[in-house]
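Data first, discussion second: the structure below is written as structure tokens.
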Amino acid sequence: MPIFDAPDGTRLAYHRKGSGGDRPLVCVPGGPMMRSAYFGDLGGLAAQRELVLLDLRGTGDSAKPADLASVRVDRQAEDIEALRVALGLEQLDLLGHSAAGDLVLAYAARYPARVRSLVLICARARTAGVDFPVERRREALELRRNEPWYERAQPAFDRAMAGEASDADFVLLDRLAYGRWDAAAQAHAAACEQWFDPELAEAYLAPGAFDGADAARAALAELDVPVLVISGELDGSPRPDSAAEVAGLFPRGEHIVQAGAAHSPWVDGPDEFAQAVTTFLARASR
């Protein structure tokens, strides 16, 4: 397990999986602050491309920092730059999922010359001033009314929107993150529940994290690299039209919707997901 030092001396870890491609795809986990193990092999993508899976500070095999303020999303952009240096790469092909979209975009805005391509999976974009209204998650819920658990999920969702949800409600609502509630989805959800650290998640989104949104959005508008945004047809955050808005931030942004997928498309449709990313990266490297 390779280790490198962040600028403040925190020891950070990453994991290598697979092979292929002219350089690795650096993968940054969401959550926020989930350990990188939740990526697995990204739906078999590791069979086509070497993956570098970063454990963010305080997660997985990375050390917890002495100062939790360093976990704030914009400050962790320097950890990605330190990883680039440790890997000996001039530029990165960079993937961010969910809340990691904010971190990947912060890095791209700060170090545009160090980015060769971006892959944004169901990704947030608050760094650039784009947010996804919580109310729109109800649209995604309504797409699931034929599911056997819908009648129980609807009142649980209402309680969550009112800030009155129980732990059991949130466990039930985990199903909305997956296109189908099969064994793979259940195992993934259980691991994510075990690994989630609310203290780190709160520190990631601490006040001030997105104060530079206007400047970041302007920088990303000048980022002339290939960008792929993948959203799930059934995802509530982002809905596909919101993901298309994120793709529109970039001169060379493109957006695809994975049919039947929700918030973890490599779990819902591994073959479709791996093929879409592989095809994009092959084009991006030409």
Side-chain angles (χ1 to χ4, degrees), residues 1-16 23-36 39 51-121 123-130 197 199-223 225 227 249-250:
M1 175 190 61
I3 298 288
F4 67 101
D5 287 331
D8 65 353
T10 303
R11 302 283 277 170
L12 303 180
Y14 62 92
H15 306 266
R16 291 184 181 269
R23 70 186 71 191
L25 176 63
V26 174
C27 303
V28 184
M33 299 301 291
M34 195 69 67
R35 63 176 63 186
S36 67
F39 278 136
L51 307 179
V52 167
L53 308 175
L54 174 63
D55 278 341
L56 300 172
R57 49 181 53 219
T59 73
D61 292 311
S62 289
K64 193 166 186 176
D67 182 4
L68 270 183
S70 69
V71 172
R72 202 175 74 178
V73 53
D74 54 324
R75 293 167 180 161
Q76 289 193 74
E78 298 305 323
D79 292 351
I80 297 179
E81 176 62 4
L83 173 59
R84 181 195 66 79
V85 173
L87 293 171
L89 296 173
E90 287 296 316
Q91 292 184 307
L92 297 178
D93 292 320
L94 198 54
L95 178 148
H97 171 244
S98 189
D102 293 320
L103 176 50
V104 166
L105 295 185
Y107 177 79
R110 194 174 303 174
Y111 293 100
R114 298 303 187 183
V115 176
R116 187 173 79 158
S117 69
L118 292 178
V119 180
L120 301 172
I121 310 301
R124 303 300 299 254
R126 290 165 291 191
T127 291
V130 178
D197 185 324
E199 182 182 41
L200 290 175
E202 183 177 3
Y204 185 85
L205 298 172
F210 308 120
D211 283 355
D214 290 344
R217 187 180 187 117
L220 296 173
E222 301 295 325
L223 186 68
V225 303
V227 178
L249 296 172
F250 307 96

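FYI, the numbering just counts along the sequence from 1.
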### Within residues 207-219 or reaching into it, pairs that qualify as side chain to side chain donor-acceptor pair (under 3.5 Å) - sequence neighbours excluded
none
### Query
For Y107, which residues count as a ring-ring contact (aromatic ring centres under 6.0 Å, His included) partner, sequence neighbours excluded?
Y111
### Message
Using the ring-ring contact (aromatic ring centres under 6.0 Å, His included) criterion, which residues pair with F250? Sequence neighbours excluded.
### Response
none
Anything under 3.5 Å between a donor and an acceptor, one on a side chain of residues 199-209, the other on a protein residue two or more places apart or in another chain? List them.
from, atom 1, to, atom 2, distance (Å)
E199, OE1, K64, NZ, 3.0
Y204, OH, A99, O, 2.9

State whether the side chain of [X] and the backbone N or O of [Y] hold a donor-acceptor pair below 3.5 Å, judged by distance alone.
{"X": "R16", "Y": "P24", "answer": "no"}
{"X": "R84", "Y": "L89", "answer": "yes"}
{"X": "S62", "Y": "A13", "answer": "yes"}
{"X": "D55", "Y": "R35", "answer": "no"}

List the atom of [X], the atom of [Y], and the distance in Å for their closest heavy-atom pair.
{"X": "P65", "Y": "G58", "value": "CD-N, 4.1 Å"}
{"X": "D67", "Y": "S70", "value": "O-OG, 2.7 Å"}
{"X": "V225", "Y": "V115", "value": "CG1-O, 3.4 Å"}
{"X": "A219", "Y": "A109", "value": "CB-O, 3.8 Å"}
{"X": "L54", "Y": "P29", "value": "O-CD, 3.2 Å"}

Is the shortest side-chain heavy-atom distance between [X] and [Y] below 4.5 Å?
{"X": "L12", "Y": "R57", "result": "yes"}
{"X": "L83", "Y": "L92", "result": "no"}
{"X": "R23", "Y": "E90", "result": "no"}
{"X": "L87", "Y": "V26", "result": "yes"}
{"X": "V28", "Y": "L56", "result": "yes"}
{"X": "D79", "Y": "T10", "result": "no"}
{"X": "L95", "Y": "C27", "result": "yes"}

### Query
Does the pair D197 and T59 meet the rule for a side-chain contact (heavy atoms from CB on, under 4.5 Å), with working shown?
CA-CA 8 Å; D197 185 324; T59 73; over 6 Å; no
### Task
Can you run down the ring-ring contact (aromatic ring centres under 6.0 Å, His included) pairs that involve residues 68-87, sequence neighbours left out, and say none if there aren't any?
none
### Query
Is R75 paired with D8 through a side-chain N to carboxylate O contact shorter than 4.0 Å?
no
### Task
Please step through side-chain contact (heavy atoms from CB on, under 4.5 Å) for the pair V227 and L249, ending with a clear verdict.
CA-CA 10 Å; V227 178; L249 296 172; over 6 Å; no
### Message
Going by salt bridge (charged side-chain N to carboxylate O under 4.0 Å, His left out), name the pairs with one or both residues in residues 101-110, residues two or more places apart or in two chains.
### Response
E78-R110, D102-R126
### Query
Looking at OG of S98 and CG of L103, how far apart are the two atoms once the value is rounded to the nearest 0.5 Å?
12.0 Å
### Message
Nearest 0.5 angstrom please: D74 CG to L105 CG, how far?
### Response
12.5 Å
### Query
Mind checking whether F4 and Y14 have parallel, tilted or perpendicular rings, split at 30° and 60°?
tilted
